[in-house]
Engineer: 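One structure, pasted below without further comment.
Just so it is clear, the values below take in all heavy atoms, side chains as well, and ignore hydrogens, waters and symmetry mates. Proteins come first, then strands; the chains are lettered A, B, ... in the order of their sequence lines, and each starts at number 1. Just so it is clear, the structure is predicted and the values come from calculations on it, not from any experiment.
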2 protein chains.
Amino acid sequence: MDGHDTCGHHGHGPAAHGPARTAELVARAERLAQDLGLQFTALRRRTLEVVAEEGRPLGAYDIAERLSAPGKRVAAVSVYRALDFLTEHGLVHRIASRNAFVPCEHGHGAGESAVFLICRSCGSVDETISAEIERSLDRTLAQAGFKPASRIVEIEGECGTCQGRQEAG
Amino acid sequence: MDGHDTCGHHGHGPAAHGPARTAELVARAERLAQDLGLQFTALRRRTLEVVAEEGRPLGAYDIAERLSAPGKRVAAVSVYRALDFLTEHGLVHRIASRNAFVPCEHGHGAGESAVFLICRSCGSVDETISAEIERSLDRTLAQAGFKPASRIVEIEGECGTCQGRQEAG
DNA sequence: GCCTTGCCTGTTACAGTGTAACGATCGGCG
DNA sequence: CGCCGATCGTTACACTGTAACAGGCAAGGC
Ligand SMILES: [Zn+2]
Ligand SMILES: [Zn+2]
Ligand SMILES: [Zn+2]
Ligand SMILES: [Zn+2]
């Protein structure tokens, strides 16, 4: 019953989606690993937490920097491998137009594809699911005789919060 | 009356869209430059021709290589600038998921956004326009209070030609 | 216990993508 | 001529992503 709630703040600050969302995602990852016999390792967990706690798309090198400590440096290549795992299982999504990653906000199956609304002003990314868009796409693909495997739908523009801000300012 | 004709071959070979399509695109560019008082320079023209004559998405560095002659090397940065011009005016499109560029096949206005069907087997890219998808997207965006500026819709999968090929082979 | 196997991670090196900055060139205009 | 704007050449650099190889570690068979 949440739909596309957008959380009301849109990431105007580092607080992001909060620890609640993060814990939810981690729990989902643990269930998933349990069920499929996969390893939800410490690196994968920390990578997921970093992505989930940031309120905007993060590059792999940014993630590596956040995971690194003065004595313990995490190389970007390790982050890429963790991100491969997380994206394959739908825990994070890659934003192709930004070369960056965001946490999944919906727990959708592999069949449902998401629409990403990317704000040019504040950099927030909102993930929504629309059955109507799915149907339109499926119809067009069937008509063209094209068998889809993965879908990328990314809209750049201005989110509701930033529109109000500009009008008021 | 062409719609999404797909040309029947889907780029299975270097012949691409043929010189006819290329000339058509160049003519469109010249009209556009004439009307808006822009400069359709030699570099921009040659870049457009290279992209149009290839039957698959080309990277900027590939384009630079094709434009270079033994004594005259074209740097990638120049190609990027030419591509900026061409994409801004809808003559070529950038495929975000491939970091590559394809010629526009439709002459659509800035308002109409395209759907790109990218075949994983043969690498061809088919550009289609669907008013139905546009409407679905607009409705979803309006509902979310999001003001769109540009849209990216890229579907990866298998084109009709390659499906038939695999069944038959 | 010990060895093998598979998976994950660390490390290095490298290829590919994209941009910033500066200077030269060219054409239009007073 | 001198100025100005746009384009282009050149260099240098930052960012993104992958290949290849070595070490660690847990599980399972002997
Ligand atoms: Zn998701
Ligand atoms: Zn915003
Ligand atoms: Zn087009
Ligand atoms: Zn194909």
Engineer: Could you walk me through whether A:I95 and A:F116 pass the side-chain contact (heavy atoms from CB on, under 4.5 Å) test, one step at a time?
Structural biologist: CA-CA 8 Å; A:I95 306 296; A:F116 296 100; 3.8 Å; yes

Engineer: Using side chain to side chain contact (heavy atoms under 4.5 Å, CB included) as the criterion, point out the one residue from A:L86, A:T41, A:V74 that pairs with A:T47.
Structural biologist: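 Filter result, single survivor: A:L86.
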
Engineer: Which pairs with one or both residues in residues 91-101 of chain A pass salt bridge (Lys or Arg N to Asp or Glu O under 4.0 Å), sequence neighbours excluded?
Structural biologist: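 The answer is A:R98-A:E156.
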
Engineer: Does B:L32 have any side chain to side chain contact (heavy atoms under 4.5 Å, CB included) partners at least two apart in sequence or in another chain, and if so, which?
Structural biologist: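 Checked B:L32 against side chain to side chain contact (heavy atoms under 4.5 Å, CB included); matches are B:L36, B:L38, B:H89.
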
Engineer: Nearest 0.5 Å, what's the OG-CZ distance between B:S78 and B:R44?
Structural biologist: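 Here the rounded value is 11.0 Å.
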
Engineer: Kindly give the cluster partners of B:Y80, where membership spreads through any ILVMFWY side chain lying under 4.5 Å from a current member.
Structural biologist: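 Result for B:Y80 is B:Y61.
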
Engineer: Return whichever of B:F85 or B:N99 has its heavy-atom-nearest nucleotide of DNA chain D closer to the 5' end.
Structural biologist: B:F85

Engineer: Only counting residues at least two apart or in another chain, list the ones meeting side chain to side chain contact (heavy atoms under 4.5 Å, CB included) with B:Q34.
Structural biologist: none

Engineer: Any salt bridge (Lys or Arg N to Asp or Glu O under 4.0 Å) pairs touching residues 132-141 of chain A, not counting sequence neighbours?
Structural biologist: A:E132-B:R139, A:E134-A:R151, A:D138-A:R151, A:R139-B:E132

Engineer: Mind checking A:R94 for me? I need base, sugar-phosphate or nothing, with any heavy atom below 4.0 Å counting as a touch.
Structural biologist: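 The answer is sugar-phosphate, as A:R94 gets under 4.0 Å only of primed atoms, P, OP1 or OP2.
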
Engineer: Tell me, please, the opening and closing nucleotides of DNA chain D, 5' to 3', among those with an atom under 4.0 angstrom from a non-hydrogen atom of chain B.
Structural biologist: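 From 5' to 3', the first and last contacting nucleotides are D:dA6 to D:dT11.
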
Engineer: How would you list all residue pairs meeting salt bridge (Lys or Arg N to Asp or Glu O under 4.0 Å) that involve residues 65-93 of chain B, not counting sequence neighbours?
Structural biologist: B:E54-B:R66

Engineer: From A:S136 OG over to A:L141 CG, what is the distance, rounded to the nearest 0.5 angstrom?
Structural biologist: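 If I round to the nearest 0.5 Å, the distance is 10.5 Å.
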
Engineer: Need two values: the first and the last nucleotide of DNA chain C, 5' to 3', having an atom under 4.0 Å from any heavy-atom of chain A.
Structural biologist: C:dC7 to C:dT12

Engineer: Do B:E127 and B:H108 meet the criterion of a side-chain donor-acceptor pair at a distance under 3.5 Å?
Structural biologist: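 B:E127 vs B:H108: donor-acceptor pair found between side chains.
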
Engineer: A:E30: which residues meet the salt bridge (Lys or Arg N to Asp or Glu O under 4.0 Å) condition with it, sequence neighbours left out?
Structural biologist: A:R45

Engineer: List for me each residue that meets ring-ring contact (aromatic ring centres under 6.0 Å, His included) alongside A:F40, sequence neighbours excluded, and say none if there are none.
Structural biologist: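 Once residues adjacent in sequence are excluded, A:F40 has no partner under the ring-ring contact (aromatic ring centres under 6.0 Å, His included) criterion.
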
Engineer: Quick check on contacts: within residues 33-48 of chain B, what sits under 4.0 Å from DNA chain C by heavy-atom distance?
Structural biologist: none

Engineer: Mind running a 4.0 Å heavy-atom check of residues 73-83 of chain B against DNA chain D and sending the residues that fall below it, in number order?
Structural biologist: B:R73, B:A75, B:V77, B:S78, B:R81

